[in-house]
Amino acid sequence: MALLLKVDGEVERPATFSFADLASLTDDVQVRDVSRIDPKRKGDAVRLAGLLALVAPKASARYLTLHATRDDFHASIPLASVREQAILIYRLADGPLPESAGGPLRFYIPDFAACHTSEIDECANVKYVDRIELTAQPGQDNRPHDEKQHAELHERKKK
Ligand SMILES: Nc1nc2c(c(=O)[nH]1)N[C@H]1C(S)=C(S)[C@@H](COP(=O)(O)O)O[C@H]1N2
Ligand SMILES: [Mo]
């Protein structure tokens with residue numbers, strides 16, 4: 001089974017997860033039909049908190065650094081602010097989340113701020129996330145800093 005995600009860094013038990021691993025997590029960790037949270041989103045998710053319970057973050061873990069190798073996009077956000085709310089969308093109609101929706105795995109914060117207005121902004125909803133690294137300090141982050149960079153990023157991604 002292809003690996004979707006590696007979770008490592010400041011954790012007691014680094015782990016990797018496949019689609020089957022995520023699908024077999026217990027019901028309390030599953031979020032069915034994310035359109036109930038955001039009508040623009042579709043599919044099923046697992047709670048970040050459920051994955052963190054398995055890897056056991058160390059007390060030193062303060063930042064969550066999200067890596068998308070596919071397009072070299074990275075965001076690093078304070079762990080405490082998303083620990084309980086964030087989810088990872090992994091499934092659509094019983095299959096993997098398609099690339100067009102940010103799949104195979106998409107990080108999603110339900111109550112994000114407008115782009116580049118805060119550390120927890122819409123830009124941190126990282127698509128194609130394949131590694132979550134817990135760090136003591138802010139990690140790799142190449143989100144756009146202003147409206148011009150943001151517009152350029154979106155223009156690039158349309159092509
Ligand atoms: N891997 C990756 N994730 C990404 C981006 C990106 O360029 N690459 N863009 C971000 C930005 S700037 C925004 S506003 C949202 C847009 O998500 P949407 O296209 O699903 O609306 O995705 C974020 N996640
Ligand atoms: Mo954005």
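When a ligand or atom number is given, it counts from 1 through the structure's own listing order. Only this structure's heavy atoms are used, side chains among them; waters, hydrogens and symmetry mates stay out.
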Q: State, without any angle test, whether Ser118 and Asp121 hold a side-chain donor-acceptor pair at a distance under 3.5 Å.
A: no
Q.
Suppose we measure from atom 19 (O) of ligand 1 to each protein heavy atom; which comes out shortest, and what is that distance?
A. Lys127 NZ, 2.8 Å
(Q) Distance under 4.0 Å to a non-hydrogen atom of Cys115: what atoms of ligand 1 satisfy this? (A) 14 (S)
(Q) Are the side chains of Arg91 and Arg32 in contact, using a 4.5 Å heavy-atom criterion? (A) yes
Q.
Geometry only, no angles: is Asp71 polar-contacting ligand 1 at N/O separations under 3.5 Å?
A. yes
Q: Specify side chain, backbone, both or neither for Leu153, according to which of its non-hydrogen atoms lie closer than 4.0 Å to ligand 1.
A: side chain
Q: May I ask you to check whether His116 and His150 place their ring centers less than 6.0 Å from one another?
A: yes
Q: Taking side-chain contact (heavy atoms from CB on, under 4.5 Å) as the test, write out the residues that go with Ala136, two or more places apart.
A: none
Q.
Quick test of your reading of the structure: of Arg41, His154, Lys40, Lys157, whose heavy atom lies closest to atom 18 (P) of ligand 1?
A. Arg41
**Q.** Which residue and heavy atom of the protein sit nearest atom 24 (N) of ligand 1, plus the separation
**A.** Asn125 O, 3.0 Å
Q) Does Arg106 reach ligand 1 with a nitrogen or oxygen that is under 3.5 Å from one of the ligand's nitrogen or oxygen atoms? A) yes
(Q) Counting non-hydrogen protein atoms only, what is the nearest one to atom 4 (C) of ligand 1? Give residue, atom name and distance. (A) Phe73 CE2, 3.5 Å
(Q) Under 4.0 Å, heavy-atom basis, I'd like to know which part of Cys123 is in contact with ligand 1: side chain, backbone, both or neither. (A) both
Q: Using a strict cut-off of 4.0 Å, indicate which atoms of ligand 1 neighbour a heavy atom of Ala68.
A: 1 (N)
Q | Charged N-O contact under 4.0 Å between Asp8 and Arg13 | A | no
**Q.** Pair Tyr108, Gln85: side-chain N/O donor-acceptor within cut-off below 3.5 Å
**A.** no
Q: Identify, by atom number and element, the atoms of ligand 1 in contact range of Tyr128, meaning under 4.0 Å from any of its heavy atoms.
A: 1 (N)
Q | Contact atoms of ligand 1, heavy-atom distance to Val126 under 4.0 Å | A | 3 (N), 24 (N)
Q. Tell me, do Glu12 and Lys58 make a side-chain contact under 4.5 Å, heavy atoms counted?
A. yes
Q: Kindly write out the residues that satisfy salt bridge (Lys or Arg N to Asp or Glu O under 4.0 Å) with Glu10, not counting sequence neighbours, or none if the list is empty.
A: none
(Q) Taking the basic N atoms (NZ, or NE/NH1/NH2) and the acidic carboxylate oxygens, is any pair closer than 4.0 Å for Arg70 and Glu99? (A) yes
Q) Taking non-hydrogen atoms only, is His150 closer than 4.0 angstrom to ligand 1 via side chain, backbone, both or neither? A) side chain
